[in-house]
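All figures in this text were calculated on a predicted structure; none of them were measured in a lab. Note that these values count all heavy atoms, side chains included, but never hydrogens, waters or copies made by symmetry.
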Amino acid sequence: MSLRSIVRELKEMRDGIGNTSRRGVASRHSQRRTKSHIVPDITLTSLEPIQQGQWANIPSELLLDIIRRVEETETSWPARAVVVSCASVCKSWRAVTQEIVQTPEECGRLTFPISLKQPGPRDSPIQCFIRRDRETSAYLLYYGLVPSENETDKLLLAAKKIRRATGTDFIISLVADDFSRSSNAYVGKLRSNFLGTKFTIYDSQPPHGAGVQPNSRSSRRFHPRQVSPRVPACNYIVSTVAYELNVLRTRGPRRMNCIMNSIPVSAVQEGGNAPTPTSFPQITDDHFCSVSAQEQKGKDPIGDLSNSTLTELSVQSQGPFESLVLKNKSPRWHEQLQCWCLNFKGRVTVASVKNFQLVAAVEPSHNVPPAEQEKVILQFGKIGKDIFTMDYRYPLSAFQAFAICLSSFDTKPACE
């Protein structure tokens, strides 16, 4: 059987599995969810049993060769969905597929949902764009250079802006029509203080290999027996974003810095590595936690917590290592254009106060090579009405980069 015929059968099998899954979801929900181009990374124990048929009996050497050839051939979406289909055939296919598919840092490609929590490539950035919907206060992150004419862009993440009396929340999800924290699609959130000058990024799962802890004063909102084992009921502080106050109202771009509590500064040193999760953890009863009483009342943890509590959370977040700090790259003043300019290499075309580039803020004692210090880790900018580009690279993940960019959309009267 040729590789082309195998790929064709895998596509048909994927469509069949999708139809079965949609029929099951339709019986439980009145509305159909919008599909992300990356299928949810869920364990086989939570899926309906997959029938072990003729595909499960393929010799391991042949199976390895088939999946490797498919993975090397289908490098871009939507064709790369075939690779995901391989992992949906049976347990043996899933194990081999996960073994072959590399992380974004290694191959520069996004395949499974966990890829959105893994660091980007070191050499060239992953290029995405964000579409803002003013009517619904939604922000959609797509994979690609610019929006396509036939609207076949692939959704990565979606965010919903929710205004509160003491600040703003951005709820981040894998799909564009479900922003509930009780959903498997929930991946985290961004919360601001009242002035819009400080933001906290929360992750639904603890960072891989890091010492980040949830709020120690949080109390359970649900009884363990009332919650599905996969409900992401925890929020872990993984990063903070701060914008400098512009008290004198001087003209100029916003100044910001990001403390990446889950990434050590050694990640940008020679031979360093950033934490790389390999799967979404299975939540057990011991992992269940919820927001604190202050969060339940709608209070802002940044503005309302005492200094001692905030320090305690910071120490817990840093763990045994020194956290990486990012700062915005200083623009230069263009005399002829009479404006501040940055070299976005053609990825940004419209002047905006939201445009920025982030680089590592390191000290001489960190022994970071000069070339690494000048490397742009994240850049964000406007290219049209409600359309913005987002390019990120190692050591940031797509989720972290998206959350940082969302902070630029919030109103900041004290910073401009």
Side-chain angles (χ1 to χ4, degrees), residues 1-25 35-124 126 143-144 152-156 174 184 208-209 230 273 275-282 394 397-398:
M1 183 181 294
S2 65
L3 177 62
R4 180 173 299 178
S5 61
I6 292 176
V7 171
R8 183 169 58 252
E9 290 197 24
L10 287 173
K11 290 181 179 179
E12 294 175 355
M13 184 179 301
R14 178 197 63 196
D15 295 338
I17 294 176
N19 292 334
T20 303
S21 175
R22 283 192 290 270
R23 287 195 298 269
V25 173
K35 291 177 60 180
S36 169
H37 83 283
I38 301 181
V39 300
D41 184 16
I42 52 182
T43 59
L44 288 173
T45 56
S46 61
L47 289 172
E48 296 179 358
I50 298 178
Q51 297 295 329
Q52 300 288 333
Q54 58 178 348
W55 295 101
N57 300 322
I58 295 180
S60 58
E61 295 81 2
L62 178 60
L63 176 60
L64 188 67
D65 180 65
I66 291 175
I67 297 180
R68 180 178 288 112
R69 293 171 63 184
V70 171
E71 200 276 336
E72 293 175 353
T73 303
E74 312 299 344
T75 58
S76 59
W77 290 89
R80 194 162 178 79
V82 177
V83 180
V84 181
S85 300
C86 291
S88 305
V89 175
C90 60
K91 292 182 179 180
S92 58
W93 281 61
R94 183 178 182 86
V96 174
T97 304
Q98 290 180 328
E99 178 184 348
I100 292 177
V101 174
Q102 296 178 315
T103 64
E105 179 184 352
E106 297 169 327
C107 66
R109 295 189 290 268
L110 300 173
T111 307
F112 299 111
I114 195 60
S115 303
L116 303 175
K117 295 287 187 76
Q118 296 173 337
R122 293 176 181 262
D123 298 329
S124 57
I126 292 181
Y143 188 38
T152 58
D153 305 312
K154 303 310 168 186
L155 180 68
L156 295 179
L174 288 171
N184 288 334
H208 181 74
R230 294 207 75 260
N273 293 297
T276 305
T278 56
S279 64
F280 288 105
Q282 190 78 10
Y394 175 91
S397 65

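Of the possible polar contacts, one joining the Trp77 side chain to the Leu110 backbone as a donor-acceptor pair under 3.5 Å is found. A distance-only check finds a donor-acceptor pair linking the side chain of Gln118 to the backbone of Pro277 [under 3.5 Å].
When all heavy atoms are compared, the tightest approach of Leu116 to Leu156 is CD1-O, 3.5 Å. Minimum interatomic distance between Trp93 and Leu63 (heavy atoms only, all atoms of both residues): CE2-CD1, 3.2 Å. Considering all non-hydrogen atoms of both residues, Val83 and Glu71 come closest at CG2-CA, 4.0 Å. Of all the heavy atoms in Pro104 and Ser115, the pair that sits closest is CG-O, 3.7 Å. The two residues Cys90 and Ser92 come nearest to each other via the heavy atoms SG-OG, 3.2 Å.
Between atom CZ of residue Arg94 and atom CD of residue Glu99 there is a gap of 14.0 Å, rounded to the nearest 0.5 Å. Considering CD1 of Ile67 and OG1 of Thr97, their distance stands at 3.5 Å, rounded to 0.5 Å. Separating the CG atom in Leu174 from the CG atom in Asn184 is a distance of 9.5 Å, to the nearest 0.5 Å. Of the inter-residue distances, the one linking Ile126 atom CD1 with Glu105 atom CD reads 10.5 Å to the nearest 0.5 angstrom.
Counting heavy atoms from C-beta outward, Pro119 and Thr276 have side chains that approach closer than 4.5 Å. Here the side chains of Ile100 and Leu64 are in contact, with some heavy-atom distance below 4.5 Å.
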Decide yes or no on salt bridge (charged side-chain N to carboxylate O under 4.0 Å, His left out) for Arg109 and Glu74, but give the supporting numbers first. CA-CA 11 Å; Arg109 295 189 290 268; Glu74 312 299 344; over 6 Å; no
